[in-house]
Amino acid sequence: MSIEPDPADRPVTLTIAGSDSGGGAGIQADLKTMEAVGAFATSAITNVTAQNTTGVDGVHPVPTDAIREQIAAVREDFDVRAVKTGMLGTDAVIETVRAAAGDCDPLVVDPVMIAASGDRLLDEEAEDAYEGLIGAATLVTPNCEEAHVLTGVEVTDDASAERAGAALRAMGADAALITGGHRGGETVRDVLVTAEGVETIVHPRVTTDATHGSGCSISSAIAARLAQGASLDRAVRDGVELLARAVRYHHSGGAGPGAVHHLAALRNQAERSGTVESAAGLYGRVADRASAALVATPFANDQDDIVAVGAGGPLTDPAAAILLGLRDRAPGLAAAVRVPDASGDWPSIDPDRSASDRRDAARSIVDESGQPDVLALDEDALVVGPDPAAVIDRLDAI
Ligand SMILES: Cc1ncc(CO)c(N)n1
């Protein structure tokens, strides 16, 4: 009897990039991200770096023959559905990759120049060599500094990002995504410039320096989605969403800035059914007193990640926003129940208050009360603990 293959269709992707011994960026980030999105990821290693969270101690280019051989071995055998390039390092490597993979379509070019630690990953003389590879790209994904080096346009706002994107298109790239993580501001603004026009994707900024591997991950996620047949616009939006969660749940293991969590979205999906069970179990314990139980998935990032079981009703969305805010500051606070106040009335809610405002207010509560295991917002609150760990009552209190 034959065994049928995995029913999930896993298109093959290829990353051509450098190895990061620290595991957060480079080939390691690319393989993890592509697989997390659902691709079968292959690789061609261009450079071996000795690197950790504090910096890059050594860079060892792989001989160009060996790079060519790796790319040929993968392309000869597999139906490669998308390719991405990361750290190339020297003009000889850039030219080798252009010759060996410039005809690949789609081709996502992440023009890696500097590590999050500030160390250079591209020879200064090689900056001009990028033009040929960019000319072959479906999408080029520079951050602001890389866009500046490649185009001469200093990227400080949406308009200058758009100009830099247009300049990259003039070099022959079909599209450019100027990532906005390095620009200041309350929100991150990624600017996508295509033949159809300009689109700005805005998302809340996570205040952290643990962004090692962010450029590698977003370009790999986009390549994997393109390999699955997503449109460029869809692939970019999905990449941005994956990265937002990966930054939110970064890993801080070393002495320097931590790395993004490449698998956060996948882990979150995997734990969703367990979260539904937890919410149902919690509701079963409190149904006589509460109208709903809410539980956040372990890698929750927005309201879709809050599972609500029970009668629902108008207070459920505010409670979900509050629960997200609690978790932003105290990861153990993952569950909430909705109960009426002491006189049996449901708290009033301000319909004009936005979800982000409620989330901010909930963060402040934890900031002011330390890192509680159980949070009762006032005396009337129903306290259930230690698991579930959060109790929300009197939504009008916050
Ligand atoms: C190998 C490698 N590629 C890319 C980056 C960009 O962060 C890095 N630090 N290391």
Side-chain angles (χ1 to χ4, degrees), residues 13-34 41-64 66-67 70-71 83-90 92-94 96-97 101 108-124 126-127 129-130 133 137 140-150 177-182 188 190 208-223 239 242-243 246-247 250-262:
T13 54
L14 167 63
T15 167
I16 305 171
S19 164
D20 168 12
S21 53
I27 283 284
Q28 289 79 0
D30 295 351
L31 297 177
K32 287 187 254 190
T33 305
M34 288 172 165
T42 64
S43 61
I45 298 182
T46 60
N47 289 263
V48 174
T49 73
Q51 187 175 177
N52 59 25
T53 61
T54 65
V56 181
D57 296 333
V59 173
H60 306 276
V62 171
T64 50
I67 296 171
Q70 294 173 79
I71 296 170
V83 176
K84 87 144 251 192
T85 69
M87 177 193 176
L88 302 179
T90 68
V93 173
I94 295 172
T96 299
V97 170
V108 178
V109 173
D110 180 24
V112 173
M113 295 184 183
I114 297 170
S117 55
D119 296 288
R120 281 202 77 94
L121 295 171
L122 179 71
D123 288 352
E124 222 163 327
E127 286 168 1
Y130 250 110
L133 188 61
V140 54
T141 63
N143 60 32
C144 300
E145 287 84 40
E146 290 157 353
H148 184 201
V149 168
L150 294 169
L177 176 71
I178 318 294
T179 57
H182 292 211
V188 177
D190 298 319
T208 176
D209 60 1
T211 57
H212 181 58
S214 52
C216 308
S217 288
I218 191 168
S219 52
S220 292
I222 294 168
L242 178 139
L243 189 66
V247 172
H250 52 261
H251 179 264
S252 299
V260 305
H261 187 343
H262 316 87

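Each ligand, and each atom within it, is numbered from 1 in the order the structure gives. These values consider heavy atoms only, across backbone and side chains, with no hydrogens, waters or symmetry-generated copies.
With contacts defined as side-chain heavy-atom distances shorter than 4.5 Å, the pair Met87/Thr49 qualifies. Using a 4.5 Å cut-off on side-chain heavy atoms (C-beta onward), Leu122 and Tyr130 make contact.
Side-chain atoms of Ser219 come within 3.5 Å of backbone atoms of Cys216 as a donor-acceptor pair (strictly under, hydrogens ignored). A donor-acceptor pair under 3.5 Å is absent between the side-chain atoms of Asn52 and the main chain of Gly22, judged by distance alone.
For His251, the NE2 atom is loosely surrounded, since the number of other residues' heavy atoms within 6.0 Å does not exceed 12.
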What short N/O contacts, under 3.5 Å, does ligand 1 make with the protein, listed by atom pair and distance?
residue: ligand 1; atom: 9 (N); partner: Gln51; partner atom: OE1; Å: 2.8
residue: ligand 1; atom: 10 (N); partner: Gln51; partner atom: NE2; Å: 3.2

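Side-chain N/O atoms of Ser117 and Asp119 include a donor and acceptor closer than 3.5 Å.
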